[in-house]
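Heads up, the thing below is written out as C-alpha coordinates.
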Amino acid sequence: IASGEKVIYASLYNGQIAWSQWGGNNWEIFFWNGSRVYQITDNSFNDIRPSLHKGQIAWQGWDGNDWEIYLASNLPSTIEAIIDQVNAINDYIQSLPNGAFWNNPNQRKNAFSEKLAEVIELIESEEYQEAIDKLIHDIRPKVDGYPKPRDWIVDSGAQQHLTEMIDTLIEDLEALI
(Lines give C-alpha, C1' and ligand atoms only; values in the text may rest on other atoms or scores of the structure.)
Protein backbone atom coordinates (compact mmCIF):
# COMPACT_ATOMS: atom_id res chain seq x y z
CA ILE A 1 0.00 0.00 0.00
CA ALA A 2 2.80 2.43 0.93
CA SER A 3 6.01 0.52 0.31
CA GLY A 4 9.26 2.41 -0.03
CA GLU A 5 7.89 5.43 1.80
CA LYS A 6 8.46 6.65 5.34
CA VAL A 7 5.37 5.41 7.15
CA ILE A 8 4.50 5.52 10.88
CA TYR A 9 1.51 5.03 13.17
CA ALA A 10 -0.77 2.71 11.22
CA SER A 11 -4.33 2.14 12.42
CA LEU A 12 -6.41 -0.80 11.16
CA TYR A 13 -10.19 -1.11 11.34
CA ASN A 14 -12.53 -3.42 9.43
CA GLY A 15 -10.08 -4.06 6.59
CA GLN A 16 -9.21 -0.37 6.16
CA ILE A 17 -5.96 1.33 7.16
CA ALA A 18 -4.98 4.89 8.10
CA TRP A 19 -1.36 5.97 8.61
CA SER A 20 1.06 8.87 8.71
CA GLN A 21 3.41 9.13 5.76
CA TRP A 22 6.23 11.54 5.04
CA GLY A 23 5.02 13.97 2.37
CA GLY A 24 8.35 15.58 1.48
CA ASN A 25 8.21 18.41 4.02
CA ASN A 26 6.06 16.98 6.81
CA TRP A 27 3.89 14.05 7.91
CA GLU A 28 0.46 13.67 6.30
CA ILE A 29 -2.48 11.29 6.92
CA PHE A 30 -3.34 8.65 4.33
CA PHE A 31 -6.25 6.21 4.15
CA TRP A 32 -6.71 2.90 2.30
CA ASN A 33 -10.36 1.84 1.92
CA GLY A 34 -9.58 -1.68 0.78
CA SER A 35 -9.15 -0.77 -2.87
CA ARG A 36 -7.57 2.71 -3.17
CA VAL A 37 -5.27 5.03 -1.22
CA TYR A 38 -6.46 8.56 -0.41
CA GLN A 39 -4.44 11.42 1.04
CA ILE A 40 -6.57 12.87 3.84
CA THR A 41 -4.35 15.83 4.79
CA ASP A 42 -2.18 18.11 2.66
CA ASN A 43 -0.92 21.03 4.71
CA SER A 44 2.28 22.62 6.03
CA PHE A 45 2.35 20.94 9.45
CA ASN A 46 2.84 17.45 10.84
CA ASP A 47 -0.20 15.15 11.08
CA ILE A 48 0.45 11.95 13.03
CA ARG A 49 -1.08 9.11 15.05
CA PRO A 50 -4.26 8.47 13.09
CA SER A 51 -6.97 6.39 14.74
CA LEU A 52 -9.48 4.79 12.38
CA HIS A 53 -12.95 3.67 13.53
CA LYS A 54 -16.33 3.28 11.78
CA GLY A 55 -15.60 5.50 8.78
CA GLN A 56 -13.85 8.20 10.80
CA ILE A 57 -10.20 9.13 11.31
CA ALA A 58 -8.95 11.19 14.25
CA TRP A 59 -5.32 12.36 14.39
CA GLN A 60 -2.92 14.80 16.01
CA GLY A 61 -1.71 17.82 14.08
CA TRP A 62 0.97 20.32 15.09
CA ASP A 63 -0.28 23.83 14.28
CA GLY A 64 3.06 25.54 15.06
CA ASN A 65 2.15 26.24 18.68
CA ASP A 66 0.74 23.01 20.10
CA TRP A 67 -0.83 19.69 19.16
CA GLU A 68 -4.48 19.77 18.05
CA ILE A 69 -6.92 16.91 17.47
CA TYR A 70 -8.57 16.67 14.04
CA LEU A 71 -11.37 14.49 12.71
CA ALA A 72 -12.43 13.39 9.24
CA SER A 73 -15.82 11.67 9.38
CA ASN A 74 -18.01 9.83 6.86
CA LEU A 75 -15.09 9.55 4.52
CA PRO A 76 -16.41 9.75 0.95
CA SER A 77 -13.94 7.07 0.01
CA THR A 78 -15.61 4.67 2.44
CA ILE A 79 -19.02 5.23 0.84
CA GLU A 80 -17.48 5.05 -2.63
CA ALA A 81 -15.83 1.72 -1.79
CA ILE A 82 -19.10 0.32 -0.45
CA ILE A 83 -20.98 1.40 -3.57
CA ASP A 84 -18.22 -0.25 -5.61
CA GLN A 85 -18.95 -3.46 -3.68
CA VAL A 86 -22.66 -3.26 -4.57
CA ASN A 87 -21.75 -2.72 -8.22
CA ALA A 88 -19.33 -5.68 -8.08
CA ILE A 89 -22.15 -7.90 -6.80
CA ASN A 90 -24.40 -6.77 -9.64
CA ASP A 91 -21.62 -7.21 -12.22
CA TYR A 92 -21.00 -10.73 -10.95
CA ILE A 93 -24.70 -11.62 -11.16
CA GLN A 94 -25.02 -10.16 -14.65
CA SER A 95 -22.01 -12.20 -15.81
CA LEU A 96 -23.47 -15.53 -14.67
CA PRO A 97 -24.61 -17.93 -17.40
CA ASN A 98 -28.34 -18.55 -17.76
CA GLY A 99 -27.94 -22.03 -16.31
CA ALA A 100 -26.96 -20.54 -12.94
CA PHE A 101 -30.54 -19.28 -12.48
CA TRP A 102 -33.75 -20.99 -11.53
CA ASN A 103 -36.29 -20.02 -14.16
CA ASN A 104 -36.34 -16.79 -16.22
CA PRO A 105 -32.64 -15.79 -16.03
CA ASN A 106 -33.08 -12.43 -17.77
CA GLN A 107 -35.98 -11.49 -15.53
CA ARG A 108 -33.95 -12.53 -12.45
CA LYS A 109 -30.92 -10.51 -13.59
CA ASN A 110 -33.09 -7.42 -14.11
CA ALA A 111 -34.74 -7.86 -10.71
CA PHE A 112 -31.35 -8.17 -8.99
CA SER A 113 -30.17 -5.01 -10.77
CA GLU A 114 -33.22 -3.09 -9.54
CA LYS A 115 -32.83 -4.39 -5.97
CA LEU A 116 -29.14 -3.50 -5.87
CA ALA A 117 -29.88 -0.04 -7.31
CA GLU A 118 -32.26 0.44 -4.36
CA VAL A 119 -29.42 -0.55 -1.99
CA ILE A 120 -27.20 2.12 -3.57
CA GLU A 121 -29.95 4.74 -3.18
CA LEU A 122 -30.28 3.84 0.51
CA ILE A 123 -26.51 4.09 1.00
CA GLU A 124 -26.35 7.46 -0.77
CA SER A 125 -29.18 8.66 1.50
CA GLU A 126 -27.17 7.48 4.53
CA GLU A 127 -29.92 4.98 5.38
CA TYR A 128 -27.39 2.28 6.19
CA GLN A 129 -29.62 0.13 8.39
CA GLU A 130 -32.30 0.05 5.68
CA ALA A 131 -29.67 -1.00 3.12
CA ILE A 132 -28.53 -3.78 5.49
CA ASP A 133 -32.14 -4.91 5.99
CA LYS A 134 -32.71 -5.08 2.23
CA LEU A 135 -29.57 -7.15 1.77
CA ILE A 136 -30.40 -9.52 4.64
CA HIS A 137 -34.13 -9.98 4.04
CA ASP A 138 -34.58 -9.46 0.30
CA ILE A 139 -31.38 -10.18 -1.63
CA ARG A 140 -29.31 -12.69 0.37
CA PRO A 141 -32.17 -15.24 0.74
CA LYS A 142 -32.33 -15.47 -3.06
CA VAL A 143 -28.71 -16.66 -3.29
CA ASP A 144 -27.85 -18.38 0.01
CA GLY A 145 -28.36 -22.05 -0.90
CA TYR A 146 -31.10 -22.68 1.64
CA PRO A 147 -34.22 -24.36 0.25
CA LYS A 148 -36.72 -21.80 1.57
CA PRO A 149 -37.36 -19.40 0.07
CA ARG A 150 -36.40 -20.85 -3.30
CA ASP A 151 -33.13 -19.38 -4.54
CA TRP A 152 -33.07 -17.48 -7.80
CA ILE A 153 -29.44 -18.54 -8.28
CA VAL A 154 -28.98 -22.31 -8.13
CA ASP A 155 -25.29 -22.72 -8.99
CA SER A 156 -23.57 -23.66 -5.70
CA GLY A 157 -20.28 -21.93 -6.56
CA ALA A 158 -22.10 -18.71 -7.43
CA GLN A 159 -24.21 -19.00 -4.27
CA GLN A 160 -21.11 -19.30 -2.10
CA HIS A 161 -19.33 -16.42 -3.81
CA LEU A 162 -22.36 -14.12 -3.67
CA THR A 163 -23.08 -14.96 -0.04
CA GLU A 164 -19.49 -14.03 0.86
CA MET A 165 -19.71 -10.78 -1.14
CA ILE A 166 -23.03 -9.82 0.48
CA ASP A 167 -21.81 -10.69 3.99
CA THR A 168 -18.71 -8.52 3.51
CA LEU A 169 -20.89 -5.66 2.26
CA ILE A 170 -23.17 -5.99 5.29
CA GLU A 171 -20.14 -5.89 7.64
CA ASP A 172 -18.84 -2.77 5.92
CA LEU A 173 -22.23 -1.07 6.19
CA GLU A 174 -22.50 -2.01 9.87
CA ALA A 175 -19.20 -0.24 10.47
CA LEU A 176 -20.88 3.03 9.40
CA ILE A 177 -23.67 2.78 11.95
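Side-chain atoms are counted along with the backbone in the values below, which use heavy atoms only and exclude waters and symmetry mates. Numbers here are sequence positions counted from 1.
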* To do: Examine the side chains of N87 and D91 and answer whether a donor and an acceptor come within less than 3.5 Å of each other.
  => no

* Would you say the side chain of V119 lies within less than 4.5 Å of the side chain of K115, judging by non-hydrogen atoms? -> no

* **Y146 OH: over 12 foreign heavy atoms closer than 6.0 Å** => no

* Verdict with supporting geometry, R140 and L135, side-chain contact (heavy atoms from CB on, under 4.5 Å) -> CA-CA 6 Å; R140 193 179 188 284; L135 288 164; 5.8 Å; no

* Asked: Does one side chain, of N14 or E171, offer a donor that lies under 3.5 Å from an acceptor on the other?
  -> no

* Asked: Within a strict 4.5 Å, meaning less than it, do heavy atoms of the W59 and I57 side chains meet?
  -> yes

* Asked: Under 3.5 Å, is there a donor-acceptor pair between the side chain of Q159 and the main chain of I153?
  -> yes

* Asked: Taking C-beta and beyond as the side chain, do Y128 and I79 meet within less than 4.5 Å on heavy atoms?
  -> yes

* To do: Before giving the answer on side-chain contact (heavy atoms from CB on, under 4.5 Å), spell out for I139 and F112 the whole-Å C-alpha distance, their side-chain angles and the decisive distance to 0.1 Å.
  => CA-CA 8 Å; I139 297 172; F112 274 121; 4.2 Å; yes

* Indicate whether any N or O donor in one side chain lies under 3.5 Å from an N or O acceptor in the other, for N90 and Q94. => yes

* **Between N110 and E114, a side-chain donor and acceptor under 3.5 Å** => no

* Asked: Yes or no on side-chain contact (heavy atoms from CB on, under 4.5 Å) for L96 and D155, after CA distance, side-chain angles and deciding distance?
  -> CA-CA 9 Å; L96 290 172; D155 178 88; 5.7 Å; no

* Do E28 side-chain atoms and I40 backbone N/O form a donor-acceptor pair below 3.5 Å? -> no

* **Geometric cation-pi criterion R108 and W152, 6.0 Å radius, 45° cone** => yes

* Can you tell if the side chain of N98 reaches within under 4.5 Å of the side chain of K109, non-hydrogen atoms only? -> yes

* To do: Would you check if the distance from the ring center of W19 to the ring center of Y9 is below 6.0 Å?
  => no

* Is the closest side-chain donor-acceptor distance between Q60 and D47 under 3.5 Å? -> no

* Among all residues two or more places apart in sequence or in another chain, which pass the side chain to side chain contact (heavy atoms under 4.5 Å, CB included) test with I8? -> S20, W27, I48

* Partners passing side chain to side chain contact (heavy atoms under 4.5 Å, CB included) against E130 (at least two apart in sequence or in another chain) -> L122, E127

* Is atom CG of N103 surrounded by more than 12 heavy atoms (other residues, nucleotides or ligands) closer than 6.0 Å? -> yes

* **Donor-acceptor contact present, side-chain S11 to main-chain L52, <3.5 Å** => yes

* Asked: Do any N or O atoms from the side chain of N104 and from the backbone of Q107 form a donor-acceptor pair under 3.5 angstrom?
  -> no

* To do: Scan side-chain atoms only and decide if Y13 and Q56 contain a donor-acceptor pair under the 3.5 Å cut-off.
  => no

* Looking at the rings of W62 and W67, which for Trp means the six-membered one, are their centres under 6.0 Å apart? -> yes

* Asked: What distance separates L173 CG from T168 OG1, expressed to the nearest 0.5 Å?
  -> 11.0 Å

* Is the backbone of V154 close enough, under 3.5 Å, to the side chain of D151 for a donor and an acceptor to pair up by distance? -> no

